[in-house]
Amino acid sequence: MQFALWPPDIGYNTIVSAMLYSAGPLLLVEGVLARSGRSMPLALHAAWFAAIVGLLCYFYYVENNLQIRVYALNVGMGCIILSGAWKLRDLVRGNVIDRAMVWLLFGLGLTFFARVLLDNSSVPEDNIEAFFESEFWIWAQFTMSVLGVAIGLGLLVVACADVILALKVERDSDPLTGLLNRRGLQGRAARLLAIGKCKPLCIVACDIDRFKAINDRFGHAAGDVVLSTFAGVIKAKLRASDVAARTGGEEFIVVLNSSVDDAFSLTERLRREIAGRRFASLPADFTVTCSFGIAEFHAGEGLWDAIGRADKILYAAKRAGRNRTFAEGLQLPSAA
């Protein structure tokens, strides 16, 4: 629009250019926010848009000053982009891709202010032809060309990384419960083993009691509800440092960053909550119970070796009558 001077009237060209320049960063910020499940309120979109376009109209039709129009436009665009970066500031504690996205947006926003500060008053106040030959315009076109490519490539890398991470999460997750699957648990093994070398680590093997009978009596759909509800209870009770996985039909593994005593207390709370839970797909008087076996991770052993020991303790709990927790070193049945 500016290069071709279309519309040819400078006033109309100013308005159309201002509208497009304002829409660009607004759409960019909205897209980046949408990636994180957020958005900018429509009223705020309208306020930024009206403020920038209104200022440029005022400083053309009321007080014609090209220099102020250029500065107002650049400051406005920078503020829009920085406001988006501010809304995403919590992502600087996220993964590498999230941090890169925030800093990419932050750096882009700062360039608009840098242009104004480094301008050295090269923008004329009312000479359009001189503006297109000014030092500001030349540097603005150069930086936007370079930044346009950099931002485009950066967004492409972020989009590709998001797809790859989503596929990895899908590969490593159980679709019914949202917990890790066996492969996902194996992928966490190295990190868990490293933690186990310097902190107490417990492996909890859990199994829903008589789950086959639930499927046979009420159907697999009801069984799926039991599994997903059970997984929801586990996720609600665990801390960020704990890991939970569904490793079989009704079999679950939980890795707790805690001592045996603490793991026993937490597991007992889980057991009692499940026993007291009512499931929409089952009769109101039907009780679902589960059994747990807890083994302390020993330095130098493999993750699946520790899981094997926890499984043996679990089966001891089931043989003792189900709906109870056995722990290595304690092996005391909890009150049913």
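Side chains are part of it too, since the values below use all heavy atoms of this structure and drop only hydrogens, waters and symmetry mates.
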Chemist: What distance separates Arg99 CZ from Leu88 CG, expressed to the nearest 0.5 Å?
Modeler: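 If I round to the nearest 0.5 Å, the distance is 14.5 Å.
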Chemist: Can you see which heavy atom on Val225 is nearest to which on Thr229, and at what distance?
Modeler: O-OG1, 2.7 Å
Chemist: Can you get from Trp86 to Met101 by hopping between Ile, Leu, Val, Met, Phe, Trp and Tyr side chains that sit under 4.5 Å apart?
Modeler: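 Shared cluster, no.
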Chemist: Quick one: does Asn13's side chain have a donor or acceptor within less than 3.5 Å of a partner on Pro7's backbone?
Modeler: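 It does hold such a pair.
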Chemist: Under a 4.5 Å cut-off applied to non-hydrogen side-chain atoms, are Val204 and Thr325 in contact?
Modeler: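 Val204 vs Thr325: side chains apart.
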Chemist: Taking the side chain as every heavy atom from C-beta outward, state whether Ile294 and Ile313 have any atom pair closer than 4.5 Å.
Modeler: no
Chemist: Checking side chain to side chain contact (heavy atoms under 4.5 Å, CB included) between Leu105 and each of Leu28, Leu82, Leu110, which is the one that passes?
Modeler: Leu28
Chemist: Quick check: does any side chain N or O of Asp98 sit under 3.5 Å from a backbone N or O of Arg93, one acting as donor and the other as acceptor?
Modeler: no
Chemist: For the CZ atom on Arg210, are there more than 12 heavy atoms of other groups (residues, nucleotides or ligands in this structure) within a distance under 6.0 Å?
Modeler: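 At most 12 heavy atoms, drawn from other residues, nucleotides or ligands, come within 6.0 Å of this atom.
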Chemist: Do other residues, nucleotides or ligands put more than 12 heavy atoms under 6.0 Å from the CE atom of Met40?
Modeler: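 Result for CE/Met40: enclosed.
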Chemist: Which pair of heavy atoms, one from Leu56 and one from Arg69, lies closest together, and at what distance?
Modeler: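 Minimum heavy-atom separation between Leu56 and Arg69: O-CD, 3.4 Å.
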Chemist: Do other residues, nucleotides or ligands put more than 12 heavy atoms under 6.0 Å from the OH atom of Tyr61?
Modeler: yes
Chemist: For Gly302 versus Phe297, what's the shortest heavy-atom pair and its separation?
Modeler: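 So the minimum-distance heavy-atom pair works out to O-CE1, 4.1 Å.
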Chemist: Less than 4.5 Å apart, side chain to side chain, heavy atoms only: is that true for Thr14 and Ile10?
Modeler: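 In contact.
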Chemist: Answer yes or no: is there a donor N or O on one side and an acceptor on the other, between the side chain of Ser228 and the main chain of Thr177, under 3.5 Å?
Modeler: no
Chemist: If you round to the nearest 0.5 Å, how far is CZ of Phe59 from CG of Leu66?
Modeler: 12.0 Å
Chemist: Measuring only between side-chain heavy atoms, which start at C-beta, is Ser291 closer than 4.5 Å to Tyr315?
Modeler: no
Chemist: Examine distances only and state if a side-chain atom of Arg269 and a backbone atom of Arg272 form a donor-acceptor pair shorter than 3.5 Å.
Modeler: no
Chemist: Determine, for Lys212 against Asp216, whether the closest basic-nitrogen to carboxylate-oxygen distance falls under 4.0 angstrom.
Modeler: yes
Chemist: Between Ile68 and Leu55, is there a side-chain heavy-atom distance shorter than 4.5 Å?
Modeler: no
Chemist: Let's go through Asp311 and Trp304 carefully: what are the C-alpha distance in whole Å and the side-chain angles of both, what is the deciding distance for side-chain contact (heavy atoms from CB on, under 4.5 Å) to 0.1 Å, and is it a yes or a no?
Modeler: CA-CA 10 Å; Asp311 271 333; Trp304 293 101; over 6 Å; no
Chemist: Are Met77 and Leu44 co-members of a hydrophobic cluster defined by side-chain heavy atoms under 4.5 Å apart?
Modeler: yes
Chemist: Looking only at atom types and distance, does a side-chain atom of Arg271 sit under 3.5 Å from a main-chain N or O of Asn323, one as donor and one as acceptor?
Modeler: yes
Chemist: Go through the steps for Ile15 and Tyr60 under the test side-chain contact (heavy atoms from CB on, under 4.5 Å), then give the verdict.
Modeler: CA-CA 9 Å; Ile15 296 172; Tyr60 180 81; over 6 Å; no
Chemist: Minimum heavy-atom separation for Ala189 to Leu303, with atom names?
Modeler: CB-CD2, 3.8 Å
Chemist: Would you find a donor on one side and an acceptor on the other, under 3.5 Å apart, between the side chain of Glu250 and the backbone of Ile208?
Modeler: no
Chemist: Does the side chain of Phe113 come within less than 4.5 Å of Val75's, by heavy atoms?
Modeler: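 Heavy-atom side-chain distance check passes, below 4.5 Å.
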Chemist: Rounded to the nearest 0.5 Å, what separation is found between the SG atom of Cys160 and the CG atom of Leu155?
Modeler: 11.0 Å
Chemist: Is Arg324 salt-bridged to Asp209, going by a charged N under 4.0 Å from an acidic O?
Modeler: no
Chemist: Hey, is NZ on Lys312 packed in by over 12 heavy atoms from elsewhere, all under 6.0 Å?
Modeler: no
Chemist: State, yes or no, whether a side-chain contact exists between Ile52 and Ile80 at a heavy-atom distance under 4.5 Å.
Modeler: yes
Chemist: Is the CZ atom of Arg239 crowded by more than 12 outside heavy atoms at less than 6.0 Å?
Modeler: yes
Chemist: Are Leu176 and Arg246 packed together at the side-chain level, in the sense that at least one heavy-atom pair is separated by less than 4.5 angstrom?
Modeler: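 Contact flag for Leu176/Arg246 side chains = yes.
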Chemist: When rounded to the nearest 0.5 angstrom, what is the spacing between CD1 in Ile81 and CZ in Phe112?
Modeler: 4.5 Å
Chemist: When you measure from the side chain of Arg278 to the backbone of Ala284, do you find a donor-acceptor pair of N or O atoms at a distance under 3.5 Å?
Modeler: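 Indeed, once roles are kept as given, a pair shorter than 3.5 Å links the two residues.
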Chemist: Under the 3.5 angstrom rule, does the side chain of Arg188 hit a backbone N or O of Val243 as a donor-acceptor pair?
Modeler: no
Chemist: CD1/Ile274 to SG/Cys206 distance, rounded to the nearest 0.5 angstrom?
Modeler: 9.5 Å
Chemist: Kindly compute the distance separating CD (Glu268) from CZ (Phe292), expressed to the nearest 0.5 Å.
Modeler: 8.5 Å
Chemist: According to a hydrophobic-cluster definition based on side-chain heavy atoms being under 4.5 Å apart (Ile, Leu, Val, Met, Phe, Trp, Tyr only), do Val169 and Ile234 belong together?
Modeler: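 Val169 does not cluster with Ile234.
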Chemist: Tell me the closest heavy-atom pair linking Ser36 and Leu91, and the distance in Å.
Modeler: OG-CD1, 3.4 Å
Chemist: According to a hydrophobic-cluster definition based on side-chain heavy atoms being under 4.5 Å apart (Ile, Leu, Val, Met, Phe, Trp, Tyr only), do Leu27 and Val32 belong together?
Modeler: no
Chemist: Do Val158 and Arg35 pass the side-chain contact (heavy atoms from CB on, under 4.5 Å) test, and can you show the C-alpha distance, the side-chain angles, and the key distance before you say yes or no?
Modeler: CA-CA 10 Å; Val158 168; Arg35 172 184 173 270; 3.3 Å; yes
Chemist: After noting the C-alpha distance and the side-chain angles of Leu266 and Leu238, does the key distance pass the side-chain contact (heavy atoms from CB on, under 4.5 Å) rule?
Modeler: CA-CA 9 Å; Leu266 173 61; Leu238 298 189; 4.2 Å; yes
Chemist: For Ala327 and Phe264, which heavy atoms make the closest approach, and how far apart are they?
Modeler: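 Shortest heavy-atom separation between Ala327 and Phe264 comes out as CB-CD1, 3.9 Å.
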Chemist: Applying the 4.5 Å side-chain criterion to the ILVMFWY set and letting contacts propagate, would Ile203 and Leu180 be lumped into a single cluster?
Modeler: yes
